2 protein chains.
Amino acid sequence: MPGVDPRQHLLDYAEALFADHGPHGVTVREVARRARVDPALVHYYFGTKTALFEAVFTRRAEVLNAERLRSMDAYARRAGEHISVEGAVEAFLEPILRRSVEGDPGWKNYFRLVALVNNTPEWGGEMMTRYFDPVIRRLLDILRRCMPEARDVDLFWCYHFLSGALTLSLSQTGRIDRLSGGACDSADMEALHRRMIPFIAAGFRRVCQPQGEAHVA
Amino acid sequence: MPGVDPRQHLLDYAEALFADHGPHGVTVREVARRARVDPALVHYYFGTKTALFEAVFTRRAEVLNAERLRSMDAYARRAGEHISVEGAVEAFLEPILRRSVEGDPGWKNYFRLVALVNNTPEWGGEMMTRYFDPVIRRLLDILRRCMPEARDVDLFWCYHFLSGALTLSLSQTGRIDRLSGGACDSADMEALHRRMIPFIAAGFRRVCQPQGEAHVA
DNA sequence: GTCTATAACTGGATAGAC
DNA sequence: GTCTATCCAGTTATAGAC
């Protein structure tokens, strides 16, 4: 393979395999075989299998986090006083949903991996915190401005529901396709986007702002 | 261990380990070691590691599904014309949340395992469908009566959000504890219950019944 | 039913030639 | 940087004694 960085090449295949089977379900040899790279080179580049896993997780996290912070800042500036729960959630999710809609297979694999990690006790609590907390705090800051009377514990729990709904939707298990007998397509990220924002925003309002539920911005 | 069924005993320890690390992260030897049972007996009782995993998953699914169907039927009878989205979701979730509140460690491990499976492409689509679809169809039947104008695709997507929010909440990764700096306790299933029902019900209404959002039952 | 022994194999990791 | 050869710990699974 001329002109290809073998390091990035390995990360791509490791990402896809880790997303399907989880780190324990993947062997270094299998990653190397798929990438048509010698198994010993995986250790040359990354040292250990665990380090390879961390490298996969880090690579896109940094790109994504930076963009999500920009997206929320831009929204807050743009909206000014007319800030809304829908707008905040939209700004938080947009960088993820846009990449999903665009269909880049690397990003789709990455999101499946995040979903798996998020729901696995062995890594979930620690890794998700380490990589994504700053972005979430920014979202909650904006939501506090929309709902000044919201209690922090309510905001945290509602974010937890958002996180679960989002990661399952990104995990692409084909679940909703089977459940609906083909009426829904788990790869249709446009359909997801249209429903997810109002669903989540309505939930936040109901729990965090029980009195003011009626006035939708 | 006198008077203990070694089969159930093995299932308990396998359940706990599978829930923590996923099937690939667990060895038959480790299950046997924890259960203080000879490794060869695992094969004697269950045949293969995969069969052990299926046995773990099946054992409680049957108990739980039967009770969830009863719970929803009882609610539909009791509520009659005054059926509500909140009530339907509550009836659907009650058998799960009650067991979580009661704190039986076996059930808590099982719920963590379901969360992990739900978000792993390797098994998620197939196993969740095979075990849980009848219960979900019953929920959607009741919701259709609450929201006659709801479209099926909307109901399926909203259920998907419910499923993601629920399984992440049951996965007990300690995520929300860290995120909230200790203000929330992921093991506090009462706190979960109080917020989850209104959050999910509001989301369903907003997406499936955009016109009638104002009149809460 | 239970345990010992072992077959047959695969895993991560490395030393060292090129 | 790349690849061959290999170490060795650990894997599922089973045969066969008790």
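The structure displayed is predicted, hence computed values, not measured ones. Chain identifiers are assigned alphabetically (A, B, ...) following the order of the sequence lines, protein sequences preceding nucleic acid strands; residue numbering begins at 1 within each chain.
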**OP:** Please state how far atom CZ in A:R7 lies from atom P in D:dT2, giving the value in whole angstrom units.
**Re:** 13 Å
Original post:
Nearest to the side chain of A:K49 - C:dC3, C:dA13, C:dG1?
Top reply: C:dA13
Original post:
Quick one: do A:R138 and A:D141 make a salt bridge, cutoff under 4.0 Å?
Top reply: no
Subject >> Separation of D:dT11 C1' from B:L52 CG (nearest whole Å) >> reply: 15 Å
Original post:
So does A:R98 pair up with A:E67, basic N to acidic O under 4.0 Å?
Top reply: yes
Original post:
To the nearest Å, how far apart are A:H21 NE2 and C:dT10 C1'?
Top reply: 16 Å
Subject >> For atom CD of A:E30 and atom P of C:dA13, their distance in whole Å >> reply: 17 Å
**OP:** For A:Y45, answer base if it contacts any base atom (sugar-phosphate contacts may also be present), sugar-phosphate if it contacts only those atoms, and nothing otherwise; contact means non-hydrogen atoms under 4.0 Å.
**Re:** sugar-phosphate
Original post:
Rounded to whole angstroms, how far apart are CZ on B:R33 and P on C:dC3?
Top reply: 16 Å
**OP:** Output the single nucleotide from C:dT14, C:dT2, D:dT2 whose closest atom is nearest the side chain of A:P6.
**Re:** D:dT2
Subject >> Lys NZ or Arg CZ of A:R68 over A:F92 ring: under 6.0 Å, within 45° >> reply: yes
Original post:
Separation of A:R29 atom CZ from D:dT11 atom C1', in whole Å?
Top reply: 13 Å
Original post:
For B:Y44 and D:dT14, is the shortest distance between a side-chain N/O and OP1 or OP2 below 4.0 Å?
Top reply: no
Original post:
Which sits closer to the 5' end of DNA chain C, A:T27 or A:P39, going by the nucleotide each is nearest to?
Top reply: A:T27
**OP:** Please answer whether the main-chain N or O of B:A165 pairs with a side-chain N or O of B:S169 as donor and acceptor at a distance below 3.5 Å.
**Re:** yes
Subject >> Integer-rounded Å distance: C:dG12 P and A:L17 CG >> reply: 12 Å
Original post:
If you count the non-hydrogen atoms of other residues, nucleotides and ligands that lie under 6.0 Å from CZ in A:R151, is the total more than 12?
Top reply: no
Original post:
For A:V26, which contact category applies under a 4.0 Å heavy-atom criterion: base, sugar-phosphate, or nothing?
Top reply: sugar-phosphate
Original post:
Given atom CZ of B:F46 and atom P of D:dT14, what is their separation to the nearest angstrom?
Top reply: 16 Å
Original post:
Which of the following nucleotides, D:dT6, C:dT4, D:dC3, is nearest to the side chain of B:A40?
Top reply: C:dT4
Subject >> Side-chain N or O of A:H43 closer than 4.0 Å to phosphate OP1/OP2 of C:dT14 >> reply: no
